[in-house]
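Taking it in order: structure first as structure tokens, then the write-up.
These numbers come from the heavy atoms of this one structure, side chains and all, not from hydrogens, waters or symmetry mates.
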Amino acid sequence: MKAKALGVPLLLFLLLFLLLFAARMNAETIQLGSLGTAADAGQSNSNGKTIAIAPNSLWAAALPSSSWVSFGKTGDTSNPGFFVVPNGTVVSFFDVFNLSGIPSGGKITVMADDAATVILNGVTLMAEAPISGNTYKICSDFGLGCRAPSVIDIPASDLHQGSNTLDFEVAQRNGVSFGLDYSGYVIDPVLTPVITPESSTAMLLGLGLLAIAALGASRKSANIPA
């Protein structure tokens with residue numbers, strides 16, 4: 001009986017302790033954007049370092065918090081050092097980022113010349129547009145191109161807690177310029193312990209002590225003989 005009697009106050013104290021601390025889910029936004037290896041060590045490509053480039057004058061302006069990038073001076077045809085990437089060339093551009101919590105998804109906006117496939121952790125988010133019936137007058141006539149951005153949802157199921165890799169397979173199909181631009185975000189919820197404010201702590205302590213006192217009084221009265 002004594003062990004049982006001691007168990008209730010102990011349980012109340014444990015409940016009170018748990019009430020003094022709370023957990024809050026903070027959603028951290030991981031920003032993604034093509035900036036080049038010098039600005040972001042997680043960015044590279046299958047030919048080496050990724051660099052920011054001067055864009056072709058016919059491309060749309062770079063997206064917010066990003067730059068047009070490539071593996072060399074392949075954008076502005078009037079830029080000293082410009083060279084033409086041979087047709088049929090496909091270069092992989094990688095962006096590696098880490099998530100500390102269990103991710104809940106995001107979005108990525110992409111442009112490319114001539115075309116591209118977007119892959120996340122081995123899963124294709126958007127495939128390159130078909131070559132058949134595609135004139136590539138400036139870049140791809142449809143799908144991912146350089147004149148208007150394509151917005152792609154990033155499913156939470158394709159993200160990993162820890163390291164993640166975005167892979168942009170940029171293809172040259174009909175000259176002349178070559179480049180990639182992307183910008184986006186991923187939501188990374190993180191569980192953070194938060195101590196209950198002092199006023200709430202005092203109130204909870206008072207309620208707990210009153211509950212324990214009331215329990216002791218009721219037991220004492222129950223033991224008084226009639």
### Query
Judged by atom type as modelled, is there a donor-acceptor pair below 3.5 Å linking the side chain of Ser66 to the main-chain atoms of Ser183?
no
### Message
Tell me the closest heavy-atom pair linking Asn45 and Ser70, and the distance in Å.
### Response
ND2-O, 4.3 Å
### Query
Judged by atom type as modelled, is there a donor-acceptor pair below 3.5 Å linking the side chain of Asn87 to the main-chain atoms of Gly175?
yes
#### Entry: Mutual orientation of the aromatic rings belonging to Phe71 and Phe178 [parallel < 30°, tilted 30-60°, perpendicular > 60°]
perpendicular
### Query
Side chains of Val176 and Phe82: does their closest heavy-atom pair fall under 4.5 Å?
yes
### Message
Ignoring hydrogens, what is the shortest heavy-atom contact between Pro189 and Ser104? Give both atom names and the distance.
### Response
CG-OG, 3.8 Å
### Query
With distance as the sole test, does Asp40 use its side chain to make a donor-acceptor pair with the main-chain N or O of Leu35 at under 3.5 Å?
no
### Gln172 CD to Asp113 CG distance, which is reported to the nearest 0.5 Å
6.5 Å
### Task
Under the side chain to side chain contact (heavy atoms under 4.5 Å, CB included) rule, what do Val90 and Val170 come out as? Steps first, then yes or no, please.
CA-CA 5 Å; Val90 177; Val170 183; over 6 Å; no
### Query
When clusters are formed by joining ILVMFWY residues with side-chain heavy atoms under 4.5 Å apart, either directly or through shared neighbours, do Val110 and Leu63 land in the same one?
no
### Query
Do Tyr182 and Leu120 belong together in a cluster built from hydrophobic side chains that touch within less than 4.5 Å?
yes
### Query
Looking only at atom types and distance, does a side-chain atom of Thr50 sit under 3.5 Å from a main-chain N or O of Ser44, one as donor and one as acceptor?
yes
### Task
Show your working on side chain to side chain contact (heavy atoms under 4.5 Å, CB included) between Phe83 and Thr74 and close with a plain yes or no.
CA-CA 6 Å; Phe83 64 93; Thr74 61; 3.5 Å; yes
### Query
Could you state the interatomic distance from CG (Asn98) to CD (Gln161), rounded to the nearest 0.5 Å?
10.5 Å
#### Entry: Chi angles and distances behind the side-chain hydrogen bond (donor to acceptor under 3.5 Å, both in side chains) call for Asn121, Asp158
CA-CA 7 Å; Asn121 296 324; Asp158 294 334; over 6 Å; no
### Query
Taking Ser34 for the side chain and Ser67 for the main chain, is one N or O donor matched with an acceptor at less than 3.5 Å?
yes
## Note on the structure
side chain to side chain contact (heavy atoms under 4.5 Å, CB included) test vs Thr109 passes for just one of Val151, Ile152, Asp181, Leu32, namely Val151
### Message
When you measure from the side chain of Asn164 to the backbone of Gly162, do you find a donor-acceptor pair of N or O atoms at a distance under 3.5 Å?
### Response
yes
### Residue pairs fulfilling salt bridge (charged side-chain N to carboxylate O under 4.0 Å, His left out) with at least one residue in residues 72-90, sequence neighbours excluded
none
### Task
Would you kindly confirm whether Leu166 and Ile30 end up in one hydrophobic cluster when ILVMFWY residues are joined by side chain heavy atoms under 4.5 Å apart?
yes
### Task
Check the pair Phe168, Leu144 against side chain to side chain contact (heavy atoms under 4.5 Å, CB included), reporting the backbone distance first and the verdict last.
CA-CA 11 Å; Phe168 303 88; Leu144 286 174; over 6 Å; no
#### Entry: Check: Asp141 side chain, Thr135 main-chain N or O, donor-acceptor pair, under 3.5 Å
yes
### Task
Could you state whether Val118 and Val69 fall into the same hydrophobic cluster, counting links through intermediate Ile, Leu, Val, Met, Phe, Trp or Tyr residues with side-chain heavy atoms under 4.5 angstrom apart?
yes
### Query
If only atom types and distance count, is the side chain of Arg147 paired as donor or acceptor with the main-chain N or O of Ser140 below 3.5 Å?
no
### Query
Is there side-chain contact between Cys146 and Ile138, with heavy atoms separated by less than 4.5 Å?
yes
### Task
Take Ser100 and Asp188 through the test side-chain hydrogen bond (donor to acceptor under 3.5 Å, both in side chains) and record every step on the way to the result.
CA-CA 7 Å; Ser100 56; Asp188 182 17; 3.2 Å; yes
### Verdict with supporting geometry, Tyr136 and Ile131, side chain to side chain contact (heavy atoms under 4.5 Å, CB included)
CA-CA 9 Å; Tyr136 299 103; Ile131 296 175; 3.5 Å; yes
### Message
For Asp153, give me all partners under salt bridge (Lys or Arg N to Asp or Glu O under 4.0 Å), at least two apart in sequence or on another chain.
### Response
Lys107
#### Entry: Ser177 (side chain) donor-acceptor with Gly75 (main chain) under 3.5 angstrom
yes
### Query
Are the side chain of Gln43 and the backbone of Phe93 linked by a donor-acceptor contact shorter than 3.5 Å?
no
### Query
Is there a chain of hydrophobic side chains (I, L, V, M, F, W, Y, each step under 4.5 Å between heavy atoms) that links Leu99 to Leu125?
yes
### Residue pair Thr77 / Val84, side-chain heavy-atom distance below 4.5 Å
no
### Message
Run the side-chain hydrogen bond (donor to acceptor under 3.5 Å, both in side chains) test on Glu169 and Ser92 for me, step by step, so that the C-alpha distance in whole Å, both residues' side-chain angles and the decisive distance to 0.1 Å come before the verdict.
### Response
CA-CA 5 Å; Glu169 304 281 337; Ser92 299; 2.8 Å; yes
### Task
List for me each residue that meets salt bridge (Lys or Arg N to Asp or Glu O under 4.0 Å) alongside Glu128, sequence neighbours excluded, and say none if there are none.
Arg173
